[in-house]
Protein chains: 2
Amino acid sequence: MTKPVVPDFRRTLTLRDVSEASGVSEMTVSRVLRNRGDVSDSTRERVLEAARRLGYVPNKIAGALASQRVNLVGVIIPSLSNMVFPEVMTGISDVLEDTGLQPVVGVTNYLPEREEAVIYEMLSWRPSGLILAGLEHSEASQAMLAQAGVPVVEIMDIDGTPVDSAVGISHRRAGRQMAEEIVAAGYRRIAFLGTQMPNDHRAKKRLAGFEEALARAGLTLADREFYSGGSALLKGREMTEAVLKRSPDVDFLYYSNDMIGAGGLLYCLAEGIDVPGRVGLAGFNGVELLDGLPRRLATMDACRLDIGRLAAEIIAGKRPDGIVSGEIIELSPTLQRGDTIRNG
Amino acid sequence: MTKPVVPDFRRTLTLRDVSEASGVSEMTVSRVLRNRGDVSDSTRERVLEAARRLGYVPNKIAGALASQRVNLVGVIIPSLSNMVFPEVMTGISDVLEDTGLQPVVGVTNYLPEREEAVIYEMLSWRPSGLILAGLEHSEASQAMLAQAGVPVVEIMDIDGTPVDSAVGISHRRAGRQMAEEIVAAGYRRIAFLGTQMPNDHRAKKRLAGFEEALARAGLTLADREFYSGGSALLKGREMTEAVLKRSPDVDFLYYSNDMIGAGGLLYCLAEGIDVPGRVGLAGFNGVELLDGLPRRLATMDACRLDIGRLAAEIIAGKRPDGIVSGEIIELSPTLQRGDTIRNG
DNA sequence: GATGCGGCTGTTAGCGGTAACATAACAGAT
DNA sequence: ATCTGTTATGTTACCGCTAACAGCCGCATC
């Protein structure tokens, strides 16, 4: 099952090897490989040929140290598995693609101490910029970010004070807006179903905004249910069942994300519950998944692609007026009523 | 909306700054910060205090150059958005966590030329190892990997010849196995629904194995339908509708992944089609999502967590016998019949 | 023919750490 | 008192590359 380990006698190649193989100085090789400065066509050809033939791969560690430039952008997010960050990443990659910058992802699992460690690790590679989710960070994290001396963009959320720049939506406002819509549609006994969220600050803010708007309409949450871990779709089912059994008079279910909302929708449809007549449903995020459901769940898209794009543009110095720092961009999520809120 | 850009007068800190602040040599500071070698407790205290006070973050670029050691492991995958790789990443992170190694993700979007670029970029940082999906790579990629001088683990698939090590399942066999199960259950008019797959070699191998087993039973595919892009769940619905309309006598639908399978299942349920009586359904991957569906879709889990773990263990040199190279590990996916294959 | 200049190439001196090898101080053994 | 060994610290020489500058050549200019 195992083939013999062939000891590698070749040291790994350096500029010097290419230089010797092509008969020019290391400096000239360096210039050729970076397309920097003037080199005659004939020399360029010779160098490229030698590099290709040897299979030379430049050592960016040495290059970065010498030039004090690192073409890396750290991206720090809480989780890969919840459908929201892949799209942010797409936006970031799209923009960075033709800037020579390269995103590097770090995952925190919603743990502040993990975040601190990831920030430290990232900064120790002296990246050209940092993009990270959320505005809430440990004190030590904040200090590191402030000291870093590179552009830092906090994304997703703008309800708070960024270290440097921020691109996102107001989750508080998003929650409020959804509540207003629901109340306007005539629902009165409204329940909330969501993640246990010691560290999901954005979900928390949405709920706060939601309750605030309810209060203004003279209402309070009729019930609430929380979960953590497991298949979100399944949890959505289970929580929905639990709430509807416990509080049969509830007429609206507000979910903290689309995945559990979808689970709830499937549950209601399977049980033959009239949606949106008997109960209305709404989620949050506008994930692509929803397109495939039997009925379109009401939701609010979180502008994830744009957030990624704009954050990357700030880091890449592509913003109009060349702003690279201290910008706060608030995007407006659009409410999609779908088929699960009745027409007031 | 923008705050003034405060010019950063402080150069970024170096060992020398900490050394001066604590009155010892740079070397001693270095030792303290890496916990390497003997340092007296009093000195250690003084150094740590100074480092903390100044907010010093070591420069790993310089460290890596000097020590010829980089605690990074490149992980190259085709896509972040299909639910399968997050779980692989989890397995990898779990294992690397306490080895001091750090995964760095690169995404290829199923494009060989992107893959080549990502491999080049990764190798230029001289990582301690590389984990990449699939066994099919451009010639240039293969050459780079072979020359890299670090352990390379190709994951997910083992139907082919790895550059170095491989951890995965046989997709060909997986396809065969599912076909046998379906045929044994008495289905005869079987259709395939999947991605357009110029570069999804694993889906292609599953289909090949599937058709091979059908042929052995004297059957051929009754119909086939392909898609690309868009919401997989929605595509699953649409394709299912298309196939069932076009070939009303089809009695089984084999999907190349669970997400479109789930779409198909939802479609059938909504249309009141008897599953698994009138048509049977099966997908591939065993994603968590399925737990939340109204009925459990037949599928085969791809051992993603284990694949990640084992790959990481190889890189980290944690395999029994200290094998670091040239190992091929085949895992056996388990078939989950769910509720969508009738009992033969 | 001296001068200037742009195109091309080479030389030198780091970048900020760490490996490897001194060195110093002091304890206990002889 | 000398030797040995251990612990704690410092010194030196790089790691592989690039910025900055220096040189050389040929050609147009005055």
Side-chain angles (χ1 to χ4, degrees), chain A residues 10-48 50-51 54-72 100 120-121 123-128 148-149, chain B residues 10-48 50-51 54-72 100 121 123-128 149:
Chain A
R10 273 183 328 286
R11 312 163 290 99
T12 85
L13 300 166
T14 73
L15 268 192
R16 151 161 261 115
D17 295 295
V18 183
S19 135
E20 281 167 2
S22 55
V24 297
S25 71
E26 300 176 31
M27 196 58 223
T28 300
V29 176
S30 170
R31 283 195 266 253
V32 170
L33 295 176
R34 287 178 300 146
N35 261 316
R36 195 67 48 99
D38 302 312
V39 180
S40 74
D41 288 345
S42 68
T43 318
R44 177 186 312 281
E45 260 327 297
R46 228 154 13 104
V47 169
L48 285 177
L54 296 175
Y56 173 71
V57 178
N59 184 331
K60 289 222 178 174
I61 302 207
L65 183 61
S67 67
Q68 308 278 53
R69 233 175 285 122
V70 180
N71 69 336
L72 261 27
Y120 187 82
E121 169 78 13
L123 287 181
S124 73
W125 288 100
R126 304 289 188 263
S128 296
Chain B
R10 273 185 326 288
R11 314 160 292 95
T12 87
L13 300 165
T14 73
L15 269 192
R16 152 160 262 113
D17 296 295
V18 183
S19 134
E20 282 169 359
S22 54
V24 298
S25 72
E26 300 177 32
M27 196 57 224
T28 299
V29 176
S30 171
R31 281 195 268 253
V32 169
L33 296 177
R34 287 177 301 146
N35 260 316
R36 195 72 45 102
D38 301 313
V39 180
S40 72
D41 288 345
S42 67
T43 317
R44 176 186 314 282
E45 260 326 300
R46 222 149 22 99
V47 169
L48 285 177
L54 296 175
Y56 173 71
V57 178
N59 184 332
K60 289 221 176 175
I61 302 205
L65 183 61
S67 67
Q68 308 279 56
R69 234 176 285 123
V70 180
N71 68 336
L72 262 26
E121 168 78 15
L123 288 182
S124 74
W125 289 100
R126 302 290 189 267
S128 296

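Letters go in sequence order (proteins before strands), and every chain restarts at 1.
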A/Asn71 CG - D/dC17 C1' separation (whole Å): 14 Å
Could you please name the option among D/dT18, C/dC8, C/dG16 that lies closest to any side-chain atom of B/Ala62? C/dG16
Nucleotide C/dG10, atom P - distance to CD of A/Glu20 in whole Å: 13 Å
Kindly point out which of C/dG14, D/dA8, D/dC15 is positioned nearest to the side chain of A/Ala66? C/dG14
With no hydrogens and no angle check, is any side-chain donor or acceptor of B/Ser124 less than 3.5 Å from a backbone partner on A/Val57? no
Nearest to side-chain heavy atoms of A/Leu65, which nucleotide of D/dT9, C/dC15, D/dA19: C/dC15
Whole-Å distance between D/dA19 P and A/Met27 CE? 6 Å
Using a heavy-atom cut-off of under 4.0 Å over every strand shown, decide if B/Arg36 touches base, sugar-phosphate, or nothing. nothing
One should read off an interatomic distance between B/Gln68 CD and A/Asn59 CG, to the nearest 0.5 angstrom, of 8.0 Å
I want to check one thing: is the phosphate of C/dA19, taken as OP1 and OP2, less than 4.0 Å away from some side-chain N or O of B/Arg69? yes
Taking A/Ser19 for its side chain and A/Val24 for its backbone only, find out whether a donor-acceptor pair lies under 3.5 Å. yes
Any donor-acceptor pair, under 3.5 Å, between the side chain of A/Arg31 and the base of C/dG10, if you only look at N and O atoms? yes
Quick one: is B/Ser67 getting a side-chain N or O under 4.0 Å of the C/dT18 phosphate, OP1 or OP2? no
A/Arg16 has an atom CZ; how far is it from atom P of C/dG10, in whole Å? 13 Å
Distance below 4.0 Å between A/Tyr56 side-chain N/O and D/dG16 OP1 or OP2: no
Applying a 4.0 Å non-hydrogen cut-off, can you work out what A/Asn59 is touching in the nucleic acid: base, sugar-phosphate, or nothing? sugar-phosphate
From C/dA19, D/dG10, C/dG10, pick the nucleotide closest to the side chain of A/Thr28? C/dG10
Testing C/dT11, C/dG14, C/dT18 for proximity to the side chain of B/Leu15, the answer is C/dT18
Given D/dT18, D/dC15, D/dA8, identify the nucleotide with an atom nearest to the side chain of A/Arg34. D/dT18
Measuring from A/Glu20:CD to A/Thr14:OG1, what's the distance to the nearest 0.5 Å? 8.0 Å
To the nearest Å, how far apart are B/Trp125 CH2 and D/dG16 C1'? 13 Å
Looking only at side-chain N and O atoms, does B/Gln68 come under 4.0 Å of OP1 or OP2 in D/dG16? yes
A/Asp17 CG to D/dC15 P, straight-line distance once rounded to whole Å: 12 Å
Report the distance from atom CG of B/Asp38 to atom P of D/dG10, rounded to the nearest whole Å. 14 Å
Can you check whether B/Thr14 has a side-chain N or O nearer than 4.0 Å to OP1 or OP2 of C/dC15? no
Do other residues, nucleotides or ligands put more than 12 heavy atoms under 6.0 Å from B/Arg16 CZ? no
Measure from the side-chain heavy atoms of A/Val39 and tell me the nearest of D/dG16, C/dG17, C/dT9. C/dT9
Measure the distance from CD1 on A/Ile61 to P on C/dG17 and round it to the nearest whole Å. 14 Å
Flag side-chain contact, heavy atom, 4.5 Å: A/Asn71 against B/Glu121: yes
Nearest-nucleotide comparison on DNA chain C, the residue closer to the 5′ end among B/Lys60 and A/Ser40: A/Ser40
